[in-house]
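The figures here come from the full heavy-atom set of this structure, side chains too, leaving out hydrogens, waters and symmetry mates.
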Amino acid sequence: MNHVNVRARRSGRALGLLMLGAVVAASAMGPVSAAAAPPARGLVSARPGPDSLLGASIDSLLGLSGMLRAKLISDLRILEAGAIGRLFGGQRVDEPGVYAVSDTAAKRSFSLITMLPFTAKTGSRVGSYLVGSWPGERRAPRSEAYVNPAGFIKVTKENQNTQVSEHFRLRDFLTKDQQHVWPKYLVLREPLVDKLELIILDLAKRGINVKHMTVMSGFRTPQYNQKGVTKGGRATDSRHQFGDAADVFVDNDGNGRMDDLNRDGRIDHRDAQVILDAADRIERAYPTMVGGGGLYRATRAHGPFAHIDVRGSRARWGS
């Protein structure tokens, strides 16, 4: 099942779920609001409380951008204690999955996404989904940023459209292979999604309204990443394998290519630089969002794009 890579030092944010109390209805259908869907098997829906209370509770989970629409939890023991346990009728949530929350006052949905632990991986597979092996399985990681992911998010045909933020869904970050294999398993970190939303907000402040940001490449399984490891190509220890990197471009007109962000009448690397400039401003304003930024020029295979990650240290490349 798809797991978001939530490191232990960041898991404390999950305690914000305590504020939800008994105002959430649970559903394993993913993108479907709990208000319109039956409770998941094995779960007992809590009695909904006042909409205003629900909204106030969820507001604490929306990230620095205020745009997150899902909370990713890698340790199911968090769900067994106190108010979080009562959130699900006092029963354990043994099955990692996507559980929808309805906020009717704000007319938005919010999802609790629980992950399958990394230890559920058998050999090079999670279930029938081929993932390969992470560098940390073969040797000691060179730093904390390169430890094995905490777990996997299970993505199904039914829940793939679950919003993880205002502009992004689970399916946006899936590895681009094994098209007919379901379920798929995803590694994703909330800070990456939050940073992308902050970049979108920053661009809007400068008159660039982003209706759609395409994730050209999000999570890459190690076996898929290895196919592109060449001189000048993908890195063996690419951040994409850890769920905190994305190659993106703005595509409001839906033509599959970068838009003219700097309004110079051309589509080129300078438009990708506009995204990287926004990333620089975000990192200065929010040091916890520091990470890599790469500029990629157009080729015969693709248009220009920007690489964004939240590795925890600053890195820049491309020109």
Side-chain angles (χ1 to χ4, degrees), residues 1-6 10-11 13-21 23-37 40 48 51-74 78-79 84 87-88 93 96-115 153-156 158-174 186-202 204 210-215 218-219 243-244 246 248 282 286 289 308 310:
M1 298 185 174
N2 269 339
H3 253 322
V4 175
N5 179 10
V6 180
R10 298 182 178 91
S11 63
R13 294 192 63 189
L15 295 178
L17 284 168
L18 290 168
M19 299 178 65
L20 289 174
V23 297
V24 176
S27 170
M29 295 304 293
V32 182
S33 168
D51 290 334
S52 59
L53 177 60
L54 179 57
S57 301
I58 289 180
D59 283 345
S60 67
L61 306 176
L62 302 184
L64 293 172
S65 65
M67 296 291 181
L68 295 186
R69 296 295 178 263
K71 182 65 187 177
L72 310 174
I73 294 182
S74 60
I78 294 174
L79 300 177
I84 292 183
L87 184 68
F88 295 98
V93 181
V98 178
Y99 303 94
V101 175
S102 176
D103 183 358
T104 56
K107 295 183 179 180
R108 66 188 174 196
S109 64
F110 192 88
S111 296
L112 175 66
I113 300 177
T114 60
M115 300 179 238
I153 300 170
K154 181 180 182 179
V155 182
T156 66
E158 294 74 25
N159 71 20
Q160 63 177 316
N161 289 315
T162 299
Q163 281 188 280
V164 289
S165 71
E166 190 66 24
H167 292 91
F168 302 100
R169 300 173 184 271
L170 283 177
R171 67 182 184 191
D172 295 326
F173 298 94
L174 289 171
L186 171 69
V187 174
L188 183 65
R189 288 188 52 218
E190 286 177 33
L192 170 65
V193 183
D194 207 10
K195 185 175 184 177
L196 293 176
E197 290 288 0
L198 286 168
I199 289 172
I200 289 173
L201 289 172
D202 179 90
V210 178
K211 296 178 182 178
H212 180 72
M213 178 177 281
T214 295
V215 179
F219 169 58
D244 60 10
V248 299
I282 294 306
Y286 304 100
M289 292 291 172
I308 301 293
V310 285

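Once rounded to the nearest 0.5 Å, the distance linking CG of Asp244 with NZ of Lys195 reads 9.5 Å. Separating the CG atom in Asp172 from the CD atom in Gln160 is a distance of 10.0 Å, to the nearest 0.5 Å. Here the straight-line distance linking atom CD of Gln163 with atom CG of Leu68 works out to 11.5 Å at 0.5 Å rounding. Here Ile73 contributes atom CD1 and Leu112 contributes atom CG; the two are 4.5 Å apart, rounded to the nearest 0.5 Å. The structure places OG of Ser111 at 9.5 Å from CG of Leu72, a figure rounded to the nearest 0.5 Å. Between Ile113 atom CD1 and Thr162 atom OG1 the span is 6.0 Å, to the nearest 0.5 Å.
Nearest approach of Phe110 to Leu61, heavy atoms of both residues: CZ-CB, 3.6 Å. Heavy-atom minimum distance, Ala246 versus Val215: CB-CG1, 4.1 Å. Annotation for Val310 and Leu192: closest pair CG2-N, 3.7 Å, computed over non-hydrogen atoms. In terms of heavy atoms, Ser65 sits closest to Leu198 at CA-CD2, 3.6 Å. Nearest heavy atoms, Val193 versus Phe173: CG2-CZ, 4.1 Å.
A side-chain donor-acceptor contact under 3.5 Å links Thr156 to the backbone of Glu158. A donor-acceptor pair is defined here as one N or O able to donate and one able to accept, closer than 3.5 Å; such a pair exists between the side chain of Glu197 and the backbone of His167. Of the possible donor and acceptor atoms, none in the side chain of Ser165 sits under 3.5 Å from a partner among the backbone N and O of Arg69.
Residues Ile200 and Glu166 form no side-chain contact, since every pair of their non-hydrogen atoms from C-beta on lies 4.5 Å or further apart. The closest side-chain heavy-atom distance from Leu170 to Val98 is below 4.5 Å. Within the 4.5 Å cutoff, the side chain of Met289 has heavy atoms near those of the Asp194 side chain.
Under the side chain to side chain contact (heavy atoms under 4.5 Å, CB included) criterion, Thr214 pairs with His212, Phe249, Asp251, sequence neighbours left out.
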